[in-house]
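Comments concern the structure below.
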Amino acid sequence: MFESEFEEKLYGERIETLKKISELGQPLYPNTYPVTMTIPEARAKFGALSAEDLEAQKPPVAIAGRIMAIRLQGKTGFATLQQNGERLQIYVRKDAVSEEQFALYKLLDLGDHIGVQGYIFRTRTGELTIHVESLSFLTKALLPLPDKFSGLADIETRYRRRYLDLFTDTGDFEELAPAEEGGAPQQGQRLRAPSREVFVKRAKVLRAIRNYFDSRGYIEVETPMMQSIAGGAAARPFQTHHNALDLDLYLRIAPELYLKRLVVGGVDRVYEINRNFRNEGISTQHNPEFTMLEFYQAYANYWDLMQITEELITYVANEVNGTTIARFPLPKGKRAGQMVEIDLAKWRRLSMREAIITFWPEAAGAKPGMDSFASRDAVASFVQQLRSAGIDLPYDAKEPLGRTIATIFETIAEEHLVEPTIIYDFPLAVSPLSKVKPDEPEWVERFEFYIGGFEVGNAFSELNDPEDQRRRFEMQLEEKARGDEEAHAMDEDYVRALAYGLPPTGGEGIGIDRLTMLLTGSRSIRDVILFPLLRPQQKHGEKQEHGESAE
RNA sequence: GGACGCGUAGCUCAAUUGGCAGAGCAUUCGACUCUUAAUCGACAGGUUGAAGGUUCGAUUCCUUCCGCGUCCA
């Protein structure tokens with residue numbers, strides 16, 4: 001457990017301190033403390049009252065918190081308690097508490113939990129403070145806290161020890177001027193919110209989404225996380241095994257096919273918010289387990305979903321931040337790291353083909369025409385044009401035409417989609433579960449929406465023709481045979497479900513982690529996931545083959 | 001998977017051209033009855049991520065490995 005002799009020594013000293021606290025008659029790990037309010041409640045209730053008002057009332061309170069700062073000066077002392085991310089100062093005088101309790105105060109360390117009872121007043125400098133009449137020891141911190149002002153700066157430690165990050169992180173600020181002699185450094189605009197605030201907002205995001213759908217007649221459900229066919233998306237799954245049934249299973253990559261089975265079953269409006277698992281790389285936008293919202297609505301198509309999307313994102317932004325303006329550091333591309341302001345209520349819509357034309361790089365020569373995407377030769381020459389302009393573009397002459405078009409889109413357009421943008425009409429070849437456009441058989445009624453330069457959601461009019469669905473799965477099997485490990489597997493039971501009749505339905509998935517990144521100004525998905533996946537840490541001693549002995 | 005960067009005391013950070021590893025906070029001891037990044041005095045705290053190499057001498061240069069970050073695939 002100990003990382004150094006220093007830590008071990010300090011731990012031992014604090015165990016000794018615990019004994020002394022016990023000798024003062026304090027239980028060492030009491031199971032409760034009778035608070036009258038939380039620290040945030042106390043600040044809200046008394047924060048506006050003047051010193052005179054407080055002096056007249058001497059409002060009695062009992063609160064509890066963790067000691068984040070402590071200043072002892074002879075026969076008196078101050079300490080700062082923290083609870084629920086807010087702080088309140090306490091004032092302890094030797095002549096206001098019992099002898100044992102002042103002895104206890106002198107034995108307190110940074111990080112300890114205590115409860116105090118007394119009355120609220122303001123100090124000479126005006127700070128809201130509790131004049132302590134009685135204090136109780138609650139729990140000891142046996143290990144040292146991170147730097148009391150800077151907190152944890154090391155990103156890795158913040159992820160690995162999120163418990164420390166949550167109560168010590170104060171966010172990042174723009175550096176304005178160097179610290180003056182003996183003073184605190186000047187702080188500018190906040191660049192990153194405190195960790196705790198990010199996760200409080202994440203909870204608000206979930207609450208707002210549930211409010212939105214619950215008030216519109218949707219039913220929230222939970223469908224299998226362990227599936228014998230990992231369907232509903234193009235991704236590699238994690239594999240597991242059920243011993244009693246001797247059954248290979250996959251962790252789900254999407255809930256999609258189960259949710260549409262529910263629509264077949266007459267659950268016309270349904271949503272699920274839950275984890276998906278994809279056995280892929282890790283980046284600032286990818287964690288192997290991530291949270292996805294999927295919702296389905298019978299008798300709706302992708303045009304209806306576009307409207308719902310714009311409404312939902314606007315609603316959630318207002319609920320969470322009180323504004324639709326999001327300040328967000330771009331996570332990738334040429335402008336990576338740049339802070340941008342995005343209005344989540346202002347949307348534009350472009351078809352995929354329009355987006356390719358709009359963001360066609362000048363260096364690549366003549367822009368494609370709208371009608372040129374139907375020709376394999378034309379699209380192949382687009383690839384050559386882009387490559388000769390120095391753009392790295394994967395291309396396989398044997399891959400379906402639609403896949404090439406989708407790759408071109410992702411390569412040249414995605415990073416430009418910073419303002420909320422709906423990209424609609426996708427190639428059939430990359431959309432095995434979407435309904436074909438009636439007038440264009442190679443294109444489907446599907447859209448993705450992009451904010452901040454990355455994909456946040458994906459939606460389509462659901463393919464509900466079982467014959468067509470079977471053919472699409474068969475096309476996917478050919479892709480699999482061609483070497484595409486992410487191609488969809490055949491799901492006979494899903495085709496059978498469609499054969500009972502799926503009404504016309506629109507469905508959509510939205511990445512909750514990415515949406516939370518936008519609403520909290522977080523540059524990495526790891527900043528919005530409490531315990532992101534990291535490689536397990538090796539201890540130095542474990543790597544050494546031969547133990548070295550001093551003797 | 002590739003390129004680049006980072007790893008120094010518990011925490012936050014220094015260390016000039018390759019020349020005695022240092023400061024603040026925290027800890028320990030002492031002083032202090034309105035402090036608030038409290039203040040003042042004293043002590044202690046290091047295998048510079050790991051292993052190897054070059055050198056009279058390596059935190060610094062080189063190689064490999066480990067972990068993390070960023071960009072790209």
Side-chain angles (χ1 to χ4, degrees), chain A residues 1-14 16-17 51 67-81 87-97 102 105-106 109-111 121-129 131 141-161 164-165 168-170 178-187 280-286 329-337 391-394 407 410-411 415 523-524 526-527 532-546 548 550:
Chain A
M1 176 167 93
F2 300 112
E3 298 215 319
S4 64
E5 285 176 21
F6 172 86
E7 267 192 11
E8 190 165 3
K9 181 165 152 270
L10 184 114
Y11 191 95
E13 284 165 358
R14 297 221 171 154
E16 289 304 310
T17 307
I67 298 172
M68 297 304 288
I70 187 159
R71 300 174 287 279
L72 176 72
Q73 35 194 35
K75 299 183 180 61
T76 186
F78 291 90
T80 304
L81 300 190
R87 296 183 173 192
L88 186 60
Q89 179 171 267
I90 65 167
Y91 177 53
V92 182
R93 290 172 62 102
K94 194 169 198 285
D95 55 15
V97 297
F102 199 74
Y105 179 77
K106 290 205 270 190
D109 288 300
L110 279 181
F121 77 112
R122 280 189 192 278
T123 61
R124 278 175 208 160
T125 55
E127 171 126 4
L128 198 68
T129 303
H131 189 283
L142 297 169
L143 288 169
L145 262 49
D147 188 275
K148 69 175 177 184
F149 190 75
S150 309
L152 280 176
D154 182 59
I155 295 178
E156 181 186 350
T157 311
R158 289 186 43 229
Y159 295 152
R160 290 194 192 274
R161 302 198 180 142
L164 281 179
D165 182 42
T168 59
D169 184 37
T170 52
E180 281 177 39
E181 196 63 34
Q186 300 229 336
Q187 289 186 337
E280 296 169 346
I282 294 174
S283 80
T284 45
Q285 296 120 78
H286 299 87
L330 295 177
K332 60 177 182 180
K334 293 183 195 75
R335 295 160 68 195
I391 291 164
D392 195 16
L393 187 69
T407 304
E410 282 165 23
T411 305
E415 70 169 290
R523 193 174 167 188
S524 170
R526 290 175 161 186
D527 292 324
L533 185 68
L534 299 176
R535 209 174 250 110
Q537 211 166 18
Q538 268 185 316
K539 285 192 180 157
H540 299 148
E542 288 170 0
K543 280 191 296 191
Q544 288 170 353
E545 296 266 307
H546 336 272
E548 280 179 77

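Remember, predicted model here, so these are calculated numbers, not experimental data. Numbered from 1 within each chain, the chains take letters A, B, ... in sequence-line order.
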What is the base-pairing partner of B/G67, counting Watson-Crick and G-U wobble geometry with both distances under 3.5 Å?
B/C6
Which of these nucleotides, B/U70, B/C68, B/U35, is closest to any side-chain atom of A/Thr284?
B/U70
With respect to the side chain of A/Tyr91, which nucleotide from B/U12, B/G46, B/U33 is positioned closest?
B/U33
Would you kindly give the OH-to-C1' distance between A/Tyr159 and B/C6, to the nearest whole Å?
15 Å
Any strand is fair game: report the nucleotide pairing with B/U48 by Watson-Crick or G-U wobble, both distances under 3.5 Å, or none.
none
Rounded to whole Å, the CG-C1' distance (A/Leu145 to B/A37) equals 15 Å
With respect to the side chain of A/Gln73, which nucleotide from B/A26, B/C34, B/C25 is positioned closest?
B/C34
What integer number of Å spans the C1' atoms of B/A44 and B/C32?
23 Å
Taking atom types as modelled, find out whether A/Arg71 and A/Gln89 have a side-chain donor-acceptor pair closer than 3.5 angstrom.
yes
Please give the distance between the C1' atoms of B/U70 and B/C25 as a whole number of Å.
30 Å
When all nucleic acid strands are considered with a 4.0 Å heavy-atom cut-off, which category describes A/Leu143: base, sugar-phosphate, or nothing?
nothing
What are the two closest heavy atoms between A/Leu10 and A/Leu143, and how far apart are they?
CD2-C, 4.0 Å
Give one of base, sugar-phosphate or nothing for A/Phe121, where a contact means two heavy atoms less than 4.0 Å apart.
base
With heavy atoms under 4.0 Å as the rule, sort A/Arg523 into base, sugar-phosphate or nothing.
sugar-phosphate
When you compare the side chain of A/Leu152 with that of A/Asp169, does any pair of heavy atoms fall below 4.5 Å?
no
Which atoms form the tightest heavy-atom contact between A/Thr168 and A/Met68, and what is the distance?
CG2-CE, 4.3 Å
Geometric class of the A/Phe121/A/Tyr91 ring pair [parallel <30°, tilted 30-60°, perpendicular >60°]
tilted
From CG of A/Leu88 over to P of B/U35, roughly how many Å is that when rounded to an integer?
18 Å
Hey, is the side chain of A/Arg158 poking within less than 4.0 Å of OP1 or OP2 on B/C68, counting only N and O atoms?
no
Taking the side chain of A/Ala153 as heavy atoms from C-beta outward, which of B/G46, B/U28, B/U12 is closest to it?
B/U12
B/U35 base / A/Gln89 side chain donor-acceptor hit below 3.5 Å:
yes
If we call it a pair only when both distances are under 3.5 Å in a Watson-Crick or G-U wobble match, what pairs with B/C61?
B/G53
For A/Asp147 and B/U27, what is the distance between atoms CG and C1' respectively, to the nearest whole Å?
13 Å
Taking the P atom in each of B/U63 and B/C20, what is the distance between them to the nearest angstrom?
25 Å
With both distances under 3.5 Å as the test, what is the Watson-Crick or G-U wobble partner of B/G24?
B/C11
Could you please name the partner base of B/C34, counting Watson-Crick and G-U wobble pairs only when both distances are under 3.5 Å?
none
Which of the following nucleotides, B/U27, B/C32, B/C68, is nearest to the side chain of A/Glu13?
B/U27
Looking only at B/U33, B/C34, B/U35, the nucleotide nearest the A/Arg71 side chain is B/U35
To the nearest angstrom, the NE2-C1' distance between A/His131 and B/U33 comes to 10 Å
Any chance you could measure A/Leu88, atom CG, to A/Thr129, atom OG1, to the nearest 0.5 Å?
7.0 Å
Side-chain contact check for A/Arg535: nearest option of B/C72, B/U33, B/C68 is B/C68
Heavy-atom donor-acceptor pair, A/Asp154 side-chain to B/G7 base, under 3.5 Å
no
Write down the distance separating the P atoms in B/A21 and B/C4, rounded off to the nearest Å.
32 Å
For a quick check of understanding: with a heavy-atom distance under 4.0 Å over all strands, which category does A/Gly337 fall into, base, sugar-phosphate or nothing?
nothing
5'-most contact on RNA chain B: A/Pro394 or A/Ser524, nearest heavy atom basis?
A/Ser524
Take the protein atom NE2 of A/His286 and the nucleotide atom C1' of B/U70, then report the distance between them rounded to whole Å.
16 Å
Looking only at side chains, do A/Asp527 and A/Tyr159 share a donor and an acceptor under 3.5 Å apart?
yes
Atom-pair distance (NZ on A/Lys9; P on B/U27), nearest Å
12 Å
Side chain of A/Glu5 - closest among B/U33, B/C68, B/G46:
B/G46
Which part of the nucleic acid, if any, lies within reach of A/Arg335 when heavy atoms closer than 4.0 Å are counted: base, sugar-phosphate only, or nothing?
nothing
Work out how far the P atom of B/G10 is from that of B/A42, and round it to whole angstrom.
24 Å
RNA chain B: 5'-proximal contact among A/Lys75 and A/Leu330 (nearest heavy atom):
A/Lys75
When rounded to whole Å, the CG to P distance for the pair A/Asp109 and B/G10 reads 18 Å
Testing B/C34, B/G10, B/C68 for proximity to the side chain of A/Phe6, the answer is B/G10
Carboxylate-amine/guanidinium proximity below 4.0 Å for A/Glu156 and A/Arg160:
yes
For nucleotides B/G67 and B/G24, find the distance between their P atoms and express it as a whole number of Å.
36 Å
Provide the distance between the two P atoms, one in B/A14 and one in B/C29, to the nearest whole Å.
32 Å
P gap between B/G18 and B/U12, integer Å:
28 Å
